[in-house]
Amino acid sequence: MNYPEYKQPLNYGQVGTDILAWWKQNGIFEKSVSTRDGQPTFVFYEGPPSANGAPGIHHVMARTVKDIFCRYQTLLGKQVSRKGGWDTHGLPIELQVEKELGITKEDIGKKISIEDYNQRCRETVMRFKAQWDDLTEKMGYWVDLDDPYITFEPEYIESCWALLKKLYDKGLLYKGYTIQPYSPAAGTGLSSHELNQPGTYRDVKDTTIVAQFKVQRDEKSEKLFAAAEQVSRRPNGGAIYILAWTTTPWTLPANTALAVGKNIVYYLVDTVNPYTKEEISVVVAKALFEKYFVHALEGKESEYVSSTGESKGELPLVDKKGRITKWFVAGEFTGSDLIGIRYERLFGHDKGFPAFEGEERAFRVINGDFVTTEDGTGIVHISPTFGADDFRAAALADVPALLVADDEGKLGPIVDRTGRYVTQMGEFGGRWVKNYDGHDQSGADYKTLDESIAIRMKGDGTAFKVEKYEHTYPHCWRTDKPVLYYPLDSWFIKTTAVKDRLIELNKTINWQPASTGSGRFGNWLENLVDWNLSRSRYWGTPLPIWRTQDGSEEICIGSIEELSAEIDKAVAAEIMTHNPYRKVDGNWVMADGSAEESTKKIDLHRPYVDDIFLVSPSGQAMYRETDLIDVWFDSGAMPYAQWHYPLENGEKFKQNFPADFIAEGVDQTRGWFFTLHALGVMLEDSVAYKNVMANGLVLDKNGNKMSKRLGNAIDPFSTISQYGPDATRWYMIANAQPWDNLKFDLAGITEVQRRFFGTLFNTYSFYALYANLDGFQAREFDRVPHSDLGELDRWILSKLQSLILEVRGYYDAYDPTKAARAIQDFVTDQLSNWHVRLSRRRFWKGELTQDKKAAYETLQECLVVVAQLMAPIAPFFAEWLYQNMTGGMREEAVAKSTPLAPESIHLTLLVEANETRIDKALEERMELAQRISSLTHSLRKKSVLKVRQPLQRILVPVLNDTTREQVGKVEDLICAEVNVKHVEFLDDTSGVLVKSVKPNFKRLGQQYGPKLKVVGARIQQMTAEEISTLEKTGQLAVEIEGETYTLAPDDVEIRTDDLPGWLVATDGPLTVALDVTLTEELRQEGVARELVNRLQNLRKDSGLEVQDKIRVTLGQQPELEAAVQSFGSYIREEIQALALDFAPEISGGSVLEFDEYNVPVQLEVANG
RNA sequence: GGGCUUGUAGCUCAGGUGGUUAGAGCGCUACACUGAUAAUGUAGAGGUCCCUGGUUCGAGUCCAGGCAGGCCCA
């Protein structure tokens, strides 16, 4: 059987489609799993993509990474099942549907029923599934597409419910609130999407207040008082206030904390209150100090002082910009110094405002990482009920919110849902926060709530500065009224309860890159807040919690069975008329009356579950909490829900938890990576994955984000069909580490294609061409024993073993880039450009000798192993190469059950390195040969002596026997490569070596430190005698600046980079000289070689096959005849000529031109 | 504003634990080679290693502070 031969250039796209078809036809993917039955498993989780958009080139990147390690583990013999999955819920799908229908959220339930709306979402979400499946196949991503998990399916949702119930039973699920944009006029919360509508942000003029918060004197604040008293004119008297600015004065009565930046610098300023003229000290950020204070006398001329220094009148306390002129900086503190200080409540009980729970923990200075010195005072007033930052900072610092009880005793913020202060708010009770009811504001003495508060504070001496200020503020797109940031009910998972465990277990996860795990993810865990599960939407997993109206009783449902049973109770209590989820005789009854054994057709989405009412133990009706849950819960639940666990498949779940490996984009860190981890820890007290790779973004070639709008997006389908999946994958992996961003440039794929795949293909073609000519077929047995192989073969096989070790190591360490680069360097630099190049003659010369057989077998082994090593990254080409290389061996391999028995490379077991074949000394001397050859080429170039002209010798100075021995063993290779007769060594005894020394700075530095400079300079001046002394006696004493230093041989590097009278080239410690003397014989041989070259070209130009024999007649020429006389048999052999003659007259032939010759020639094919 | 990350030749990237003359591939220029030929070899041009300070005898590498790009979060 022949090795298949292909035309140049190979169509890599075609290789992809051909191999893909073959895989499908032979079920190779399935076999790659089934043939590993009973073997240890490698568990991989597929992060579900959403099929509501077309896949992009970045998906090829992400999925290549996943595929590589699954394939690699399969090659190691592990069983790697890969269940695909689809993420189907969530806002992007809702938005897409709304856009297509031309509706808004407002219209749901009005213009379109929830039922129809959700039906539409269900259809939309899988719209691009076919394209995704197509890409999955074409790029060679092996994942099970036939039985994927789908997050909208009833069994999946049911699993989510079961998990939620588990969390509920552990007390980890609770109802609280979050701060969200809220429109009191419309009575509804607004999504960030609604807030991003054009026109919602408008310029408004508000009353703003810099409020004074009076510091309590205690241990924490003593340093402030001490500083104030040291400089104050009011010893032991002055009050200290912290200044905080707000554009929403109505939130001040709800203040419970003040936030500072840890590293921000603050001034303590001795000054006066501009309204009450009270002498006080205030705290304000240094960077904002000049906003509030000005030196009245600054500048040569001002409105108050003339250039001659005369006063133009009495200094005002406040200048025209409202800055205070009377001040003295009494101290400087950082935010850290201030944290923990207590202050007095602004609107306390004494002023008629209500007490609240946890008050003793309130009114403290806390840290806020959001605090800036852009505007205000560098200190932020915190009211946890009216700001998201406020809420979070307060929660982290354990500061309570100011909540008051309504008539029913239910706690709420000081503003009700219509936008009015609650009645308990003293003099301001019942006032509108903003004008939400459209009341008349035109009256002369009309005051807004903000203004009333400002007036009151001026009187109290707690307002430092009140002014109108224009800024942008979001407005409700429906009512045009300003939005409030307002606490809205939400369900939470108490992740903070397991925070320490989350952190602890995270440390056991192998993150690639490690910095994402310790940095981005680690920090996120350190600053963890509870997971807000609630979403006020329609298309998603419904929260399975039913509650009584007053919230006193509730139930969390964990399965459809349970729900059905509860409904039966409700029916019995006449709360429900019938049970839509009822089971009769073991079958589920559908809406149309049909019976189903499974729950697969039951729809648990809204609106159906909304129509379910349950009965509480006390007989009250219970209503479903209308929220949906965060879609991230869906995807984080996939380790369980993909098996419908915990409702069934307990064994299967156990076998597949946790994952050995997952990979997604780094943007998933707080998404999927977190939800997997959180659920894993809370439900199983375990990590959910052991190894995780967070890959970077795919940018365009200029480093910009790809987008359809900019037109710089790369189409994955055309890229794969044009360049082939392998080159595309290889480029993406080899070009940059997966976790770095990739600047995607199609030119890079072309380069990979040419340089790597082209070279590998050429190497294969070369092998196939000659093996077929010789009728050679490699076998797994009956090979030339390793001990009989020549240097060159043993060398490349040694390199090959080293490569196996290296590449396995990189794959094991989840570093595919280094694996790809190592394979690439081996193929191009070592295998092709050295081993094959130097072995060429072995392949085309003569009969199938043992050496020729060895050449074939060595190359065959290299190619097969390379195919295996590259298979995870370039699965199609590797398969192609494997099939071509081993097709002829299969029958015997199958019969004898050898490593090459599998029909596909992806079913083989990755070869183990045979370390006994690694010969470091051999690798080293081959490198010497490569470098010496390179130097010799360089010398030829300088002397204008082409390689075809043989030369007598090169001279290599050697300073030790090892080098001499090493180079000696590769002398033949060097001679052949650079066309010289032999290598001559020059050692010390020759007496012609000129040595020089170079200081060994590393060693000298450690030894002499600051003296290194002079010592180094002295070493560079060493004489030949001194060098010789150092070498012979092992030490040398030198005197520098009156001090004596004793040098050891290790302190210097001795080299010979000059041979007097010779042209030399050096590369580090290596030096080569070339003898350029030309003898008559060398000249003749040169001519003979030229002749061979021209005749070979002529053969080729005449279209002869490699194996054709010829007869040649040359025009008479004395020097040529002399050359042919001496080298005739060599020439005839090279050009496969049966005859080589001279004739006085040549007619009808061509003319060979070389050097100074013009020779007529006639060439004819000799039959037979 | 915070966290993480990147910055080295025209482009893409290497450069353990500090060591003086910073490398590779591609691209460019020139020459050579040629039964692998859209391959290969040699040589050349091309660098303030983002900037500023610091530590050190010595910094691309370590420290501090900036600048610029990216991602995530606010």
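Chain A is the first sequence line, chain B the second, and so forth, proteins listed ahead of strands; every chain is numbered from 1. All of these numbers come straight from a predicted model, not from anything done at the bench.
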Quiz item: NA contact type, Asn735(A), heavy-atom cut-off 4.0 Å: base, sugar-phosphate, or nothing?
Solution: sugar-phosphate
Self-check item: Phosphate OP1/OP2 of U42(B) contacted by Ser934(A) side-chain N/O (<4.0 Å)
Solution: yes
Self-check item: Close side-chain approach of Val1112(A) and Leu1095(A), heavy atoms under 4.5 Å
Solution: yes
Exercise. Using whole Å, report how far CH2 of Trp739(A) lies from P of U5(B).
Key: 13 Å
Practice problem: Taking the side chain as every heavy atom from C-beta outward, state whether Gln737(A) and Asp815(A) have any atom pair closer than 4.5 Å. | Solution: yes
Quiz item: Does OP1 or OP2 of C26(B) have a side-chain N or O of Arg755(A) closer than 4.0 Å?
Solution: yes
Quiz item: When the distance from CG of Leu699(A) to P of U6(B) is rounded to whole Å, what number comes out?
Solution: 15 Å
Quiz item: With a 4.0 Å cut-off on heavy atoms, is Ala388(A) in touch with a base, just the backbone sugar-phosphate, or nothing at all?
Solution: nothing
Exercise. Please give the nucleotide sitting opposite U40(B) as a Watson-Crick or G-U wobble pair, both distances under 3.5 Å, or none.
Key: A32(B)
Self-check item: Base-pairing mate for G27(B) - Watson-Crick or G-U, with both contacts under 3.5 Å
Solution: none
Exercise. Identify, between Lys818(A) and Arg520(A), the residue whose nearest nucleotide on RNA chain B lies closer to the 5' end.
Key: Lys818(A)
Quiz prompt | Minimum-distance nucleotide (side-chain atoms of Lys1002(A) versus A14(B), G70(B), U17(B)) | solution = U17(B)
Exercise. Specify the residue among Ser515(A) and Asp745(A) whose closest nucleotide of RNA chain B lies further upstream toward the 5′ end.
Key: Ser515(A)
Quiz item: For Asn1093(A), which contact category applies under a 4.0 Å heavy-atom criterion: base, sugar-phosphate, or nothing?
Solution: sugar-phosphate
Practice problem: For U12(B) and G27(B), measure between their C1' atoms and round to the nearest Å. | Solution: 11 Å
Exercise. Look at all strands and tell whether Thr516(A) reaches a base, only sugar-phosphate, or nothing, counting heavy atoms closer than 4.0 Å.
Key: nothing
Practice problem: Would you tell me if any nitrogen or oxygen in the side chain of Ser765(A) comes within less than 4.0 Å of OP1 or OP2 on A36(B)? | Solution: no
Quiz item: Touch check for Thr669(A), heavy atoms < 4.0 angstrom, all strands: base, sugar-phosphate only, or nothing?
Solution: nothing
Quiz item: Should G18(B) form a Watson-Crick or G-U wobble pair with both distances under 3.5 Å, which nucleotide is its partner?
Solution: none
Self-check item: Whole angstrom value for the distance that separates C1' of G41(B) from CZ of Arg931(A)
Solution: 17 Å
Self-check item: G10(B) versus A32(B) - spacing of their P atoms, nearest Å
Solution: 29 Å
Practice problem: Find the partner of C4(B): check Watson-Crick (N1-N3 plus N6-O4 or O6-N4) and G-U wobble (N1-O2, O6-N3) distances, both under 3.5 Å, and reply none if neither fits. | Solution: G70(B)
Quiz item: G60(B) and C50(B): how far apart are their P atoms, nearest whole angstrom?
Solution: 10 Å
Quiz item: Which is true for Arg837(A) with a 4.0 Å heavy-atom rule: it touches a base, it touches only sugar-phosphate, or it touches nothing?
Solution: base
Quiz item: Roughly how far apart, to the nearest Å, are A59(B) and U40(B) at atom C1'?
Solution: 39 Å
Practice problem: Establish whether the base of C13(B) is bridged to the side chain of Arg821(A) by a donor-acceptor pair shorter than 3.5 Å. | Solution: no
Quiz item: If only atom types and distance count, is the side chain of Ser933(A) paired as donor or acceptor with the main-chain N or O of Ala929(A) below 3.5 Å?
Solution: yes
Exercise. Kindly give the heavy-atom pair with the smallest separation between Thr719(A) and Ile749(A), and that separation in Å.
Key: CG2-CD1, 3.8 Å
Exercise. Report yes if a side-chain nitrogen or oxygen of Tyr731(A) is closer than 4.0 Å to either non-bridging phosphate oxygen (OP1 or OP2) of U12(B); otherwise report no.
Key: no
Self-check item: Whole-Å gap separating P (G3(B)) and CD1 (Ile503(A))
Solution: 17 Å
Exercise. Establish, with yes or no, whether the OP1 or OP2 oxygen of G19(B) is under 4.0 angstrom from a side-chain nitrogen or oxygen of Asn1000(A).
Key: no
Exercise. Could you measure between the two C1' atoms, the one in C13(B) and the one in A9(B), and give it in whole Å?
Key: 11 Å
Exercise. Please report, rounded to the nearest Å, how far the P atom of U40(B) is from the NE2 atom of His937(A).
Key: 14 Å
Quiz item: What's the CZ-C1' distance between Phe674(A) and C73(B), to the nearest Å?
Solution: 14 Å
Exercise. Check the distance between G27(B)'s P and Leu746(A)'s CG and give it to me in whole angstrom.
Key: 16 Å
Quiz item: Just checking Asp825(A): base, sugar-phosphate only, or nothing, at a heavy-atom cut-off of under 4.0 Å?
Solution: nothing
Self-check item: Nucleotide opposite A59(B) in a Watson-Crick or G-U pair, distances under 3.5 Å
Solution: none
Quiz item: Does Tyr12(A) have its ring centroid less than 6.0 Å away from the ring centroid of Tyr723(A)?
Solution: no
Quiz item: Of the nucleotides A43(B), G41(B), U12(B), which one has an atom closest to the side chain of Lys743(A)?
Solution: U12(B)
Quiz item: Just to confirm, is there a sub-4.0 Å distance from OP1 or OP2 of A36(B) to any side-chain nitrogen or oxygen of Arg840(A)?
Solution: yes
Quiz item: The side chain of Ala736(A) lies closest to which of these nucleotides: G25(B), C13(B), A36(B)?
Solution: C13(B)
Quiz prompt | Atom pair distance, as rounded to whole Å: CG in Asn527(A) and C1' in C4(B) | solution = 13 Å
Quiz item: Using atom P of each nucleotide, how far apart are U55(B) and U61(B) to the nearest Å?
Solution: 15 Å
Exercise. Identify the nucleotide, in any strand shown, that forms a Watson-Crick or G-U wobble pair with G65(B), with both distances under 3.5 Å; if there is none, say none.
Key: C51(B)
Practice problem: Answer with base, sugar-phosphate or nothing: what part of the nucleic acid does Phe756(A) contact at a heavy-atom distance below 4.0 Å? | Solution: nothing
Quiz item: Is the gap between the ring centers of Tyr731(A) and Phe744(A) under 6.0 Å?
Solution: yes
Self-check item: Under 3.5 Å: donor-acceptor pair, side chain of Asn11(A), backbone of Gly13(A)
Solution: yes
Practice problem: Using the P atoms only, state how far C51(B) lies from C11(B), rounded to an integer number of Å. | Solution: 16 Å
Quiz item: Quantified in whole Å, what is the C1' atom distance between nucleotide G54(B) and nucleotide G58(B)?
Solution: 15 Å
Practice problem: Supply the atom-to-atom distance His677(A) NE2 to Thr675(A) OG1, rounded to the nearest 0.5 angstrom. | Solution: 11.0 Å
Quiz prompt | Phosphate OP1/OP2 of A39(B): any Arg754(A) side-chain N/O under 4.0 Å | solution = yes
Quiz item: Quick one: is A32(B) close enough that its OP1 or OP2 comes under 4.0 Å of any side-chain N or O from Lys946(A)?
Solution: no
Exercise. Among Val371(A), Ile379(A), Asn367(A), Thr377(A), find the one that has a side-chain contact (heavy atoms from CB on, under 4.5 Å) with Val260(A).
Key: Ile379(A)
Quiz prompt | Under-3.5 Å donor-acceptor pair between Ser832(A) side chain and A39(B) base | solution = no
